[in-house]
Amino acid sequence: MDSSKTIEELVRDRNGGKLLFTPGPASLLCENIIGLRPCFGRGDSDYDQVEERVLAALKSMSGHGNIARFQGSASLALEIMALNFLYGRVLVVSTGYYSDRLHFLANSALRQKKQIKEIVTADWREINNLWGRFDWILACYTETSRGIKLEIEALAALANRTSARLMLDATASIGLEKGHEIADVIGYSSCKGLFGLTGAGFVAFNNPPTVEVDSFYLRLQTHLDKSMTGPYHAIASLVEVLPKHEELKQAVFENKRSFIAKASDWITVPEKNQPQLCTQIKGKISFKDSRSIPYMPRGEFDGSVVCHLGEVHLGKNARGEILNEVVLPSNGDENN
């Protein structure tokens, strides 16, 4: 690397080397790099201010009064959520691979703590017809493995009529979708729709958990007390991003709009269930440019999912030009 390059030149070159059609992290931002600095979690007033700004912005974004941060992925955030909060009768809304992961985590919590009495699953298309009594509803707001977004109003109504609290996997929805404040607890990471570097997990909530967890690392209070090394550099990568987040996310919205127009004949998901992060189409896509990095959803899936984070660095100046590299299936190949 040429050490004489400016940050802007470096970021332009790095983003020019890859065309991302994946669900996160987003394209590299100058703000990610500008925010980085030497950090320590105790006695470093500069870092204390950085973390305070980032966590305050995240709480404001989701509408929650409390937040825990830690090194790790969104998967770790979801496991900590499940272990610390779930009890009683739990309903898991089934949407695909990532809701299956939530079901696994709920079962793990049941085996470890025995405070969960029953776990029930229901297809996401049936939630408007569900009744009964539950303690928790567990759902993946945006299911990237299928390019599906649940209607947050339907989840709120479900929780209300079943007298349940709502727990959301917000990994692919935070920063891009509205309504997270209706959930009692959410978990997510620093990348995807927040546009930070990977490495930080977050659990946001209003009321503290009542379940006691016999694990130093998986106990939520450990992270609230900051009893171990935190995700200092992942948080620092967000401090310059979040004040510009509204502008930067316009690139995602424009990419989504442009792809819907380009692929209108292949769209399979109703508008009300279209997430900003990604789009499901029937058939298999290909790419003209070898620099393209496709999204390969986990689990079995006949169609394709295209994600819209590849031009975030362009912010409001994005025009969806990256989509010129997408080759849609021919009509005869749409089921192959």
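Heavy-atom basis, side chains included; hydrogens, waters and symmetry copies ignored.
For the residue pair Q274/K256, the side-chain donor-acceptor check at 3.5 Å is satisfied. Side-chain atoms of R37 and Y232 include no donor-acceptor pair closer than 3.5 Å.
The environment of D214 atom CG is sparse: at most 12 non-hydrogen atoms of other residues, nucleotides or ligands sit within 6.0 angstrom. For CD of E212, the number of neighbouring non-hydrogen atoms (other residues, nucleotides, ligands) closer than 6.0 Å is 12 at most. Counting heavy-atom neighbours within 6.0 Å of E271 CD, excluding the residue itself, gives a total of 12 or less.
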Walk me through whether K117 and D135 qualify under salt bridge (charged side-chain N to carboxylate O under 4.0 Å, His left out).
CA-CA 10 Å; K117 304 304 181 185; D135 294 288; over 6 Å; no
As a quick check of understanding, evaluate side chain to side chain contact (heavy atoms under 4.5 Å, CB included) for I186 and F202, giving each step before the final call.
CA-CA 8 Å; I186 65 174; F202 303 94; over 6 Å; no
From CA spacing to verdict: side chain to side chain contact (heavy atoms under 4.5 Å, CB included), V239, I235
CA-CA 7 Å; V239 71; I235 285 179; over 6 Å; no
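Paired with Y295 under the rule side-chain contact (heavy atoms from CB on, under 4.5 Å), one option of I285, L20, V306, T144 passes, and it is T144.
Within the 4.5 Å cutoff, no side-chain heavy atoms of N15 are placed close to those of L314. For the pair W136/I116, no side-chain contact is recorded, criterion being any heavy-atom separation below 4.5 Å from C-beta on. The side-chain heavy atoms of L58 and Y188, taken from C-beta on, include a pair separated by under 4.5 Å. Within the 4.5 Å cutoff, the side chain of H223 has heavy atoms near those of the M228 side chain. For the pair L91/I127, no side-chain contact is recorded, criterion being any heavy-atom separation below 4.5 Å from C-beta on. Counting only heavy atoms from C-beta outward, the side chains of R298 and S145 never approach each other to under 4.5 Å. You'll find the side chain of K284 stays beyond 4.5 Å of the side chain of P329, heavy atoms only. Using a 4.5 Å cut-off on side-chain heavy atoms (C-beta onward), F259 and V326 make contact.
Residues L194 and V185 do not share a hydrophobic cluster, defined by chaining ILVMFWY side chains whose heavy atoms lie under 4.5 Å apart. Under the 4.5 Å side-chain heavy-atom criterion for ILVMFWY residues, a single connected hydrophobic cluster contains both L224 and V213. Hydrophobic clustering (ILVMFWY, side-chain heavy atoms < 4.5 Å, transitive): V54 and I33 are in distinct clusters. No chain of hydrophobic side-chain contacts below 4.5 Å, direct or via other Ile, Leu, Val, Met, Phe, Trp or Tyr residues, connects V90 to L130. Placement of Y97 and L102 in two distinct hydrophobic clusters is found when ILVMFWY residues are connected by side-chain heavy-atom separations under 4.5 Å, directly or transitively.
Residues passing the side chain to side chain contact (heavy atoms under 4.5 Å, CB included) test with K288 are E325, V327, sequence neighbours excluded. In this view, E52 satisfies the side chain to side chain contact (heavy atoms under 4.5 Å, CB included) rule with no residue, not counting sequence neighbours. Residues meeting the side-chain hydrogen bond (donor to acceptor under 3.5 Å, both in side chains) test with K18, sequence neighbours left out: none. In this structure, the side chain to side chain contact (heavy atoms under 4.5 Å, CB included) partners of S99, at least two apart in sequence or on a different chain, are S94, T95, E143. A57 is linked by a side chain to side chain contact (heavy atoms under 4.5 Å, CB included) to L242, counting only residues two or more places apart in sequence or in another chain.
Closest heavy-atom contact between T171 and S189: CG2-OG, 4.1 Å. The shortest non-hydrogen separation linking K178 to I152 is O-CG2, 4.2 Å. When every heavy atom of Y47 is checked against every heavy atom of C39, the shortest pair comes out as CD1-SG, 3.7 Å. Between G283 and S304, the shortest heavy-atom distance links the atoms O-OG, 2.7 Å. Taking each heavy atom of R257 and E254 in turn, the nearest pair found is NH2-OE2, 2.7 Å. Annotation for R146 and V305: closest pair C-CG2, 4.2 Å, computed over non-hydrogen atoms.
Through side-chain heavy atoms spaced under 4.5 Å, either directly or across other Ile, Leu, Val, Met, Phe, Trp or Tyr residues, F195 is tied to L29, L176, V241, L248, V252, F253, L277, L309, V312.
With hydrogens and angles ignored, the 3.5 Å screen pairs no side-chain donor or acceptor of N32 with any backbone N or O of G196. The main-chain N or O of F216 is found under 3.5 Å from a side-chain atom of T222 such that the two form a donor-acceptor pair. Judged by distance alone, with hydrogens and angles left aside, the side-chain atoms of E126 form no donor-acceptor pair with the main-chain N or O of D123 at under 3.5 Å. In this structure, the side chain of T142 does not engage the main chain of K149 through any donor-acceptor pair within 3.5 Å. Within the 3.5 Å criterion, the main-chain N or O of A26 finds no donor-acceptor partner in the side chain of H313. Put simply, the side chain of Q250 gets close to the backbone of E246: a donor and an acceptor are under 3.5 Å apart. Judged by distance alone, with hydrogens and angles left aside, the side-chain atoms of N206 form no donor-acceptor pair with the main-chain N or O of H64 at under 3.5 Å. Between the N273 side chain and the P270 main chain, no donor and acceptor come within less than 3.5 Å of each other. The main-chain N or O of V92 is never found under 3.5 Å from a side-chain atom of T121 such that the two would form a donor-acceptor pair. With hydrogens and angles disregarded, a donor-acceptor distance shorter than 3.5 Å links the side chain of N107 to the backbone of H103.
Rounded to the nearest 0.5 angstrom, L218 CG and S108 OG are separated by 9.0 Å. To the nearest 0.5 Å, the span separating CZ on F205 from CD1 on I67 amounts to 9.0 Å. Going from atom CE of M167 over to atom CG of L155 covers 13.5 Å, rounded to the nearest 0.5 Å. Put simply, CD1 on I174 and CG on D169 are 11.0 Å apart, with the number rounded to the nearest 0.5 Å. Distance check, rounded to the nearest 0.5 Å: NE2 of H308 to CG of L323 gives 7.5 Å. Atom CG of L105 and atom CG of L138 lie 8.0 Å apart (nearest 0.5 Å).
Remark: R89 is positioned above the aromatic ring of F134, its terminal NZ or CZ atom under 6.0 angstrom from the ring centre and at most 45 degrees off the axis.
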